[in-house]
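Structure record follows, encoded as structure tokens.
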Amino acid sequence: MIFLHALFAYETLLQLIILLPLLAVVGIVACAGRPNLRESVSLLTSLTVFLIACTLYSPVMRGEIIETTWFAWFPGVDVRFRLEPLGLLFSLIAGFLWFVTTLYALGYMRAHNEPRQTRFYSCFALAITATMGIACAENLLTLFIFYEALTLCTFPLVTHAGTERAKHGGWVYISILLGTSIAFFLLAIALTWQLSGTLSFTRGGVFTADTSTATLSVLLTLFVFGVGKAAIMPFHRWLPAAMVAPTPVSALLHAVAVVKAGVFTLIKVCFYIFGLETLNTLPALQWLLYLAGATILLASLVALRQDNLKARLAYSTVSQLGYITLGALLATSVSLMGSAMHIAMHAFGKITLFFCAGAILVAAHKTEISEMRGLGRQMPLTMLAFLVGSLSIIGIPPTGGTWSKWYLLSGTFDAGQWLLMGVLMISSLLNIAYLLPIGARAFFAADADPPEIAHRPKAVAEAPLPVLMATGITALGCVVLFVYPQPIYRLISTVF
């Protein structure tokens, strides 16, 4: 990857991370009549973006400043990008999983005979452009622009099926996300500018010591509710509604890009706008922590009651996003380490589970958990991957979720938040209750099962090869992140 730096300056590589997915849209549309070439454009672009992000790992670790300005909105506020460790982590995750999800989509979209595939891949690339803009934003206004762009360009993906149910889900999706952004997020940005005179992400925060803690408490509340993509209750319904989208959309955009854009924004706001010291002085912090804890528990309980597999995974995501928000609001270096690590660990675990849900739909045409007893006899590879993804979400070795949950629990200990420590423990037990029985029933159907299940042929009837390959890669990633989490740990450690 050194050859990329030999050809381009780091600042140019930073811009390419954002612009290459946008340029890919031109190639995708131009190759609309040649599906193989169209998908090749997506695969090659996503791989290139990931390699560029890998190239930038070393200079970011060395503390080099990599930034670029596009233009100025008004004095003191530019559309500006700067790559820092948290942004690079988000870029690496989104770039790699864009490649894997495109590979998955090759099998899924064709096997499922999905319509409008050119529009699908085009909007997908636009969404990655917006995601990279969020990851690399130097200030709140730049982040807000790409944050809203991500909402708008994923709307066609959510409504892709064109059915009344898809349209309804899409309008719930866009109304909640745009509504919270305009009513709360934009107002919070304006107040930040008025109070501090800057919107730039600054280590230690941007507010002076004499800024009213009551005012900052209101501002923090506006940010928490305004970043609707973090899915804090009661502004969470968009996420289950968006599950009407095709599985590749649910997998990347609603297990990685969209939802992670929300919690990534909250982490950046807590660390770079407020600063940990200021955050710990705010009166509103305690009740916001309890709100995050309530989201974790309530979403887990709702997930437990869902028979539809994608709906169960959607509410599981709401709960897991609560983990990341909780870690950010605990405002300790250990809890922030846990939050940042959970962005990566949850991404690999949850995308594996969504991939498996799509594979089951394509190969067995089943969506309800109650219909999946004994399915492991037909689809052993898929259900084994589902088990690995489940273990990572729960936080059990040998999967990467073990480390992020360990740091989050340690964060509650450091902050003296014993009640919230109990919430995390209870939630992990609920994770076991709503995830592990799916795999257990798939492999160990009882003798009392109906004859058509008990005597089902044991011949393998897995999903298409690209689907299996992508699922295997992410399941393997869950294990690799347990064995070798050091690159992520070292990257996040440079923030503190």
Verify the distance criterion only: is there a donor paired with an acceptor across the side chains of S42 and T102 at less than 3.5 Å?
-> no
Show your reasoning for whether side chain to side chain contact (heavy atoms under 4.5 Å, CB included) applies to T159 and V244.
-> CA-CA 7 Å; T159 60; V244 297; over 6 Å; no
Looking only at non-hydrogen atoms, find the nearest pair between L97 and A347 and report the distance.
-> CD1-CB, 4.0 Å
Who are the ring-ring contact (aromatic ring centres under 6.0 Å, His included) partners of Y57, not counting sequence neighbours?
-> none
Answer yes if the side chains of T367 and K310 hold a donor-acceptor pair under 3.5 Å, and no otherwise.
-> no
For T399, does its backbone N or O pair with a side-chain atom of T402 as donor and acceptor, under 3.5 Å?
-> yes
Using the ring of Y147 (Phe, Tyr or Trp, six-membered ring only), decide whether K229 places NZ or CZ under 6.0 Å from its centre and within 45 degrees of its axis.
-> yes
is_close_aromatic(F225, F235), centroid dist under 6.0 Å | yes
With no hydrogens and no angle check, is any side-chain donor or acceptor of W403 less than 3.5 Å from a backbone partner on H342?
-> no
Any V479 side-chain heavy atom under 4.5 Å of F348 side chain = no
Output field: ring centroids F50/F96 closer than 6.0 Å | yes
Contacts under 3.5 angstrom, residues 379-397 side chains, donor-acceptor by atom type, not counting sequence neighbours:
residue: T382; atom: OG1; partner: E462; partner atom: OE1; Å: 2.6
residue: S390; atom: OG; partner: F386; partner atom: O; Å: 2.8
residue: S392; atom: OG; partner: G401; partner atom: N; Å: 3.3

Out of V256, L86, I267, which residue meets the side chain to side chain contact (heavy atoms under 4.5 Å, CB included) rule with I343?
-> I267
Is a donor on one side and an acceptor on the other found under 3.5 Å between the side chain of S335 and the backbone of G411?
-> no
With distance as the sole criterion, is a donor-acceptor pair present between the side chains of Y323 and S427 under 3.5 Å?
-> yes
Got M345 and K405 here, is their nearest side-chain heavy-atom distance under 4.5 Å?
-> no
Are any of the side-chain heavy atoms of L141 and R80 separated by less than 4.5 Å?
-> no
Show your working on side chain to side chain contact (heavy atoms under 4.5 Å, CB included) between L435 and L313 and close with a plain yes or no.
-> CA-CA 9 Å; L435 286 176; L313 296 181; 4.2 Å; yes
Please answer whether the main-chain N or O of P248 pairs with a side-chain N or O of Y104 as donor and acceptor at a distance below 3.5 Å.
-> no
Which residues satisfy the side-chain hydrogen bond (donor to acceptor under 3.5 Å, both in side chains) test with Y272, sequence neighbours excluded?
-> E84
Between S339 (side chain) and A328 (backbone), is there a donor-acceptor pair under 3.5 Å?
-> yes
Does CZ in R305 sit with more than 12 non-hydrogen atoms of other residues, nucleotides or ligands closer than 6.0 Å?
-> no
Check residues 18-29 and write down every donor-acceptor pair under 3.5 Å in which the side-chain atom is one partner and the other belongs to a residue at least two apart or another chain.
none

Minimum-distance pair of heavy atoms, taken over all atoms of V79 and T142 = CA-OG1, 3.4 Å
Under the 3.5 angstrom rule, does the side chain of S316 hit a backbone N or O of R312 as a donor-acceptor pair?
-> no
Stepwise, does the side chain to side chain contact (heavy atoms under 4.5 Å, CB included) test hold for H236 with Y315?
-> CA-CA 9 Å; H236 68 287; Y315 279 102; 4.1 Å; yes
Take S181 and T151 through the test side chain to side chain contact (heavy atoms under 4.5 Å, CB included) and record every step on the way to the result.
-> CA-CA 10 Å; S181 291; T151 301; 5.6 Å; no
Using atom types as modelled and distance alone, determine if a side-chain donor or acceptor of T101 lies under 3.5 Å from a backbone N or O of W98.
-> no
Mind listing the side-chain donor-acceptor pairs of residues 488-496 below 3.5 Å, one per line with the distance, residues two or more places apart or on another chain?
residue: S493; atom: OG; partner: Y489; partner atom: O; Å: 2.7
residue: T494; atom: OG1; partner: L491; partner atom: O; Å: 2.6

Residue pairs, two or more places apart or on separate chains, that pass salt bridge (charged side-chain N to carboxylate O under 4.0 Å, His left out) and touch residues 124-152 = R82-E138
Distance-only donor-acceptor check, side chains R38 and T118, under 3.5 Å | yes
For atom CZ of R119, is the number of surrounding heavy atoms from other residues, nucleotides or ligands below 6.0 Å larger than 12?
-> yes
Given the side-chain rings of W70 and F81, with only the six-membered ring counted for Trp, is the space between their centroids under 6.0 Å?
-> yes
Output for pair (T325 OG1, I296 CD1), nearest 0.5 Å, gives 8.0 Å
Between the OG1 atom in T295 and the CD atom in Q320, the distance rounded to the nearest 0.5 Å is 12.5 Å
Run the ring-centre check on F201 versus F271 and record whether the distance is less than 6.0 Å.
-> no
